[in-house]
A.B. asks: 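Quick one: structure below, then a few questions.
As the structure lists them, so they are numbered: ligands from 1, and atoms in each ligand from 1.
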Amino acid sequence: MSIVIAVDGPAASGKGTLAKKLAAHFGFHHLDTGALYRLVALGVVEAGADPADEPAALKAALAVDPARSGDPAIRTKDIGRIASQVSVYPTVRAALFDFQRSFSAREPGAVLDGRDIGTVICPEAAAKLFVDARPEVRAHRRWLELKDQGPSEVEILIDVKARDERDRSRAAAPLKPAPDAYLLDTSDLDIEPAFAAALEAVRPAIEEKLKALPKG
Ligand code: DC
């Protein structure tokens with residue numbers, strides 16, 4: 001039985017960094033599920049299709065190659081926005097479900113980060129974090145990553161707020177904390193103190209599961 005840590009939260013909350021560090025700490029696999037939705041968006045753009053065209057988005061979702069998750073082409077502001085648009089379609093979400101479920105079963109454990117990991121993909125996760133930060137703080141962090149592409153911090157703040165609104169209000173798997181998630185606000189925390197808080201929150205549950213693993 002694999003041990004799952006679910007890390008959810010809005011754009012640029014720090015969830016990806018924390019998920020990666022938790023995975024390294026416990027020797028678990030890590031999956032950035034946002035990259036899958038970004039790959040759907042890239043597929044739609046490459047096909048010259050409209051993000052409002054659900055069948056085209058589904059076709060792109062069925063063709064997603066997770067091995068392309070490291071492609072820098074998915075890390076742009078436009079692809080982030082289109083990813084949020086195509087992720088409202090239940091058909092697109094369903095097409096990505098099995099890959100995420102089988103990833104979560106990897107031994108000895110897996111850390112998945114996204115929007116619906118603790119609520120839909122892995123509701124049985126051993127530990128759940130919901131990472132958040134004030135929109136202005138998140139926009140500033142995203143601007144530091146994207147400034148070479150030219151957008152201003154204000155443009156990014158508008159984008160972050162629009163994405164929050166879309167991700168939280170959609171009918172299918174909206175962004176919201178699972179009832180049993182630990183809420184971690186990273187607004188006033190640098191990476192190391194945020195990681196220490198995340199580790200503190202998940203450690204008891206994960207260590208208990210690790211102890212219960214058969215020796216060998
Ligand atoms: O985490 P990110 O910014 O790379 O995610 C891009 C978009 O993908 C996000 O705005 C909504 C969608 N997404 C989702 O609906 N469910 C997930 N588990 C992960 C991302």
Side-chain angles (χ1 to χ4, degrees), residues 4-20 23 29-45 51-52 54 57-58 60-61 64 66 68-104 110-123 125 128-133 135 137-146 149 151 156-178 181 186:
V4 177
I5 303 177
V7 183
D8 290 302
S13 54
K15 64 182 186 307
T17 306
L18 293 176
K20 228 177 279 168
H29 304 276
H30 169 240
L31 181 66
D32 164 11
T33 64
L36 303 175
Y37 291 91
R38 286 171 179 268
L39 285 168
V40 176
L42 185 67
V44 166
V45 170
E54 180 171 358
L58 174 59
V64 158
R68 280 186 77 189
S69 294
D71 189 335
I74 66 170
R75 296 289 153 203
T76 67
K77 183 162 143 308
D78 284 348
I79 290 293
R81 177 178 43 79
I82 298 170
S84 167
Q85 287 173 282
V86 296
S87 70
V88 305
Y89 302 131
T91 50
V92 166
R93 308 197 68 83
L96 300 177
F97 184 84
D98 287 351
F99 176 77
Q100 296 175 82
R101 277 303 298 180
S102 31
F103 191 98
S104 74
V111 185
L112 284 79
D113 73 80
R115 303 289 190 287
D116 62 340
I117 308 304
T119 50
V120 175
I121 305 294
C122 300
K128 299 179 186 178
L129 286 177
F130 190 88
V131 186
D132 207 347
V137 173
R138 292 188 284 117
H140 182 69
R141 290 178 188 158
R142 202 28 72 86
W143 176 74
L144 290 175
E145 286 166 19
L146 295 177
Q149 295 172 26
I156 294 188
L157 179 59
I158 292 168
D159 203 70
V160 157
K161 286 186 168 167
R163 265 226 271 159
D164 283 0
E165 175 56 26
R166 198 183 302 112
D167 293 350
R168 288 183 210 272
S169 63
R170 67 180 179 222
L175 168 66
K176 63 165 187 227
T186 66

A.B. asks: Checking side chain to side chain contact (heavy atoms under 4.5 Å, CB included) for the pair Arg101/Cys122: CA distance, chi angles, key distance, verdict?
C.D. replies: CA-CA 7 Å; Arg101 277 303 298 180; Cys122 300; 4.1 Å; yes
A.B. asks: With heavy-atom distances below 4.5 Å as the criterion, would you say the side chains of Val137 and Arg142 are in contact?
C.D. replies: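 No - every pair of side-chain heavy atoms lies 4.5 Å or more apart.
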A.B. asks: Any idea which heavy atoms bring Arg75 and Ser69 closest together, and the distance?
C.D. replies: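 Reported closest heavy-atom pair: NH2-O, 4.2 Å.
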A.B. asks: For the NZ atom on Lys20, are there more than 12 heavy atoms of other groups (residues, nucleotides or ligands in this structure) within a distance under 6.0 Å?
C.D. replies: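 No, NZ of Lys20 has 12 or fewer neighbouring heavy atoms, counting only those of other groups under 6.0 Å.
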A.B. asks: Using the side chain to side chain contact (heavy atoms under 4.5 Å, CB included) rule, take Ile156 and Leu146 through it: C-alpha gap first, then chi angles, then the decisive distance, then the call.
C.D. replies: CA-CA 9 Å; Ile156 294 188; Leu146 295 177; 4.1 Å; yes
A.B. asks: Measure across Phe130 and Leu175 and return the closest heavy-atom pair with its distance rounded to 0.1 Å.
C.D. replies: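 Minimum heavy-atom contact is CE1-CD1, 3.6 Å.
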A.B. asks: With a 4.0 angstrom cut-off on heavy atoms, strictly below it, pick out the residues next to ligand 1 and order them by chain and number.
C.D. replies: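 Near ligand 1, by chain and number: Lys15, Thr33, Gly34, Tyr37, Arg38, Ala83, Ser84, Ser87, Arg93, Gly114, Arg115, Asp116, Arg163, Asp167, Arg170.
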